[in-house]
Amino acid sequence: MARSKRRYWLFKSEPEAFSFDDLRAAKRRRTTWDGVRNYQARNLLRDDVERGDGVLYYHSRANPPGVVGLAEVVKAGYPDPTQFDPQDAHHDPKSDPDDPRWFMVDIEARRALPSFVPLDELKANRKLARMLVVQRGQRLSIQPVTEAEWHEVLRMGGAPAR
DNA sequence: GCCAACGTTGGC
DNA sequence: GCCAACGTTGGC
């Protein structure tokens with residue numbers, strides 16, 4: 001069930017692991033956002049991220065880090081199968097299949113931002129002073145973004161407002 | 001590659 | 001339930 005009002009998120013990915021270009025090159029330009037193994041992020045994926053929500057695709061551990069493109073949630077939270085796969089790096093032997101511990105969503109690439117927005121610029125923008133990604137020590141890989149922050153980042157990236 | 005900041009684990 | 005040890009994240 002979709003909410004009446006769309007929410008916005010920032011998803012972090014290390015480009016060497018899975019970049020925005022990788023997402024755009026993927027089948028149907030989609031991917032499962034699996035492998036999240038942090039409870040706070042899990043709670044967001046399970047309870048709050050909904051189909052139709054907007055995603056700022058952020059490259060972490062990049063030179064420089066920053067927001068590279070936009071994506072959209074195309075499937076809300078459901079159990080992440082990699083937790084039950086002993087061969088997978090994110091296998092969790094303590095997770096009960098009848099009560100899965102880890103959840104994921106599916107996202108689909110939208111457009112790349114015409115201009116990459118580096119973390120330095122996010123930090124320098126006073127309108128974004130409260131944005132989570134600019135907070136020191138903030139490591140959450142799935143972060144809520146306000147509507148105002150979303151529009152400001154799109155503006156900085158040269159994307160038409162929408 | 002370094003390391004500060006966090007989150008998790010497990011002994012007690 | 002405390003907290004030291006350990007593992008991970010992610011900017012630099």
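Per chain, numbering begins at 1; letters A, B, ... match sequence-line order.
- Of the side-chain N and O atoms in A:Tyr58, one or more sit less than 4.0 angstrom from OP1 or OP2 of C:dG11.
- Across all their heavy atoms, A:Asp53 and A:Arg7 have their closest contact at OD1-N, 3.1 Å.
- Distance A:Asn63 CG to C:dC12 C1': 9 Å, rounded to the nearest Å.
- Considering only residues two or more places apart in sequence or on other chains, A:Arg29 meets the side chain to side chain donor-acceptor pair (under 3.5 Å) condition with none of them.
- Remark: P of C:dT9 and CD of A:Glu16 are 14 Å apart, rounded to the nearest angstrom.
- Atoms CD (A:Gln135) and P (C:dG11) sit 13 Å apart, rounded to a whole Å.
- Under the ring pair (Phe, Tyr, Trp, His ring centres under 6.0 Å) criterion, the residue pairs touching residues 102-137 of chain A are A:Tyr39-A:Trp102, with sequence neighbours excluded.
- Of the residues in residues 79-96 of chain A, not one comes within less than 4.0 Å of DNA chain C through any heavy atom.
- Nearest-nucleotide positions on DNA chain B place A:Gly137 closer to the 5' end than the other of A:Arg37 and A:Gly137.
- The existence of a salt bridge linking A:Arg37 and A:Asp92 is excluded, since no basic side-chain nitrogen approaches an acidic carboxylate oxygen closer than 4.0 Å.
- Residue A:Arg139 places its side chain closer to C:dT8 than to any other of C:dG11, C:dT8, B:dT8.
- In summary, the side chains of A:Thr82 and A:Asp85 do not present any donor paired with an acceptor at a separation below 3.5 Å, with no hydrogens or angles considered.
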Going through the distances and angles, do A:Asp106 and A:Trp33 end up as a side-chain hydrogen bond (donor to acceptor under 3.5 Å, both in side chains)? CA-CA 6 Å; A:Asp106 293 354; A:Trp33 205 256; over 6 Å; no
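- In this entry the distance linking NZ of A:Lys12 with P of C:dG11 reads 6 Å, nearest Å.
- Atom pair A:Gln40:CD and C:dT8:P shows a separation of 19 Å (rounding to whole Å applied).
- Protein atom CD of A:Gln143 is 13 Å distant from nucleotide atom P of B:dC6, rounded to whole Å.
- Within residues 118-127 of chain A, the residues approached by DNA chain C to less than 4.0 Å at the level of any non-hydrogen atom are A:Leu119, A:Lys123, in residue-number order.
- Between A:Arg42 atom CZ and C:dT8 atom C1' there is a gap of 18 Å when expressed in whole angstrom units.
- Here the straight-line distance linking atom CZ of A:Arg28 with atom CG of A:Leu23 works out to 12.5 Å at 0.5 Å rounding.
- Within the structure, the side-chain hydrogen bond (donor to acceptor under 3.5 Å, both in side chains) test picks out no pair touching residues 113-124 of chain A (sequence neighbours left out).
- One interatomic measurement links the two molecules: CG of A:Asn38 to P of C:dT8, which rounds to 13 Å at whole-angstrom precision.
- Scanning for side chain to side chain donor-acceptor pair (under 3.5 Å) contacts around A:Ser60 gives an empty result, with sequence neighbours left out.
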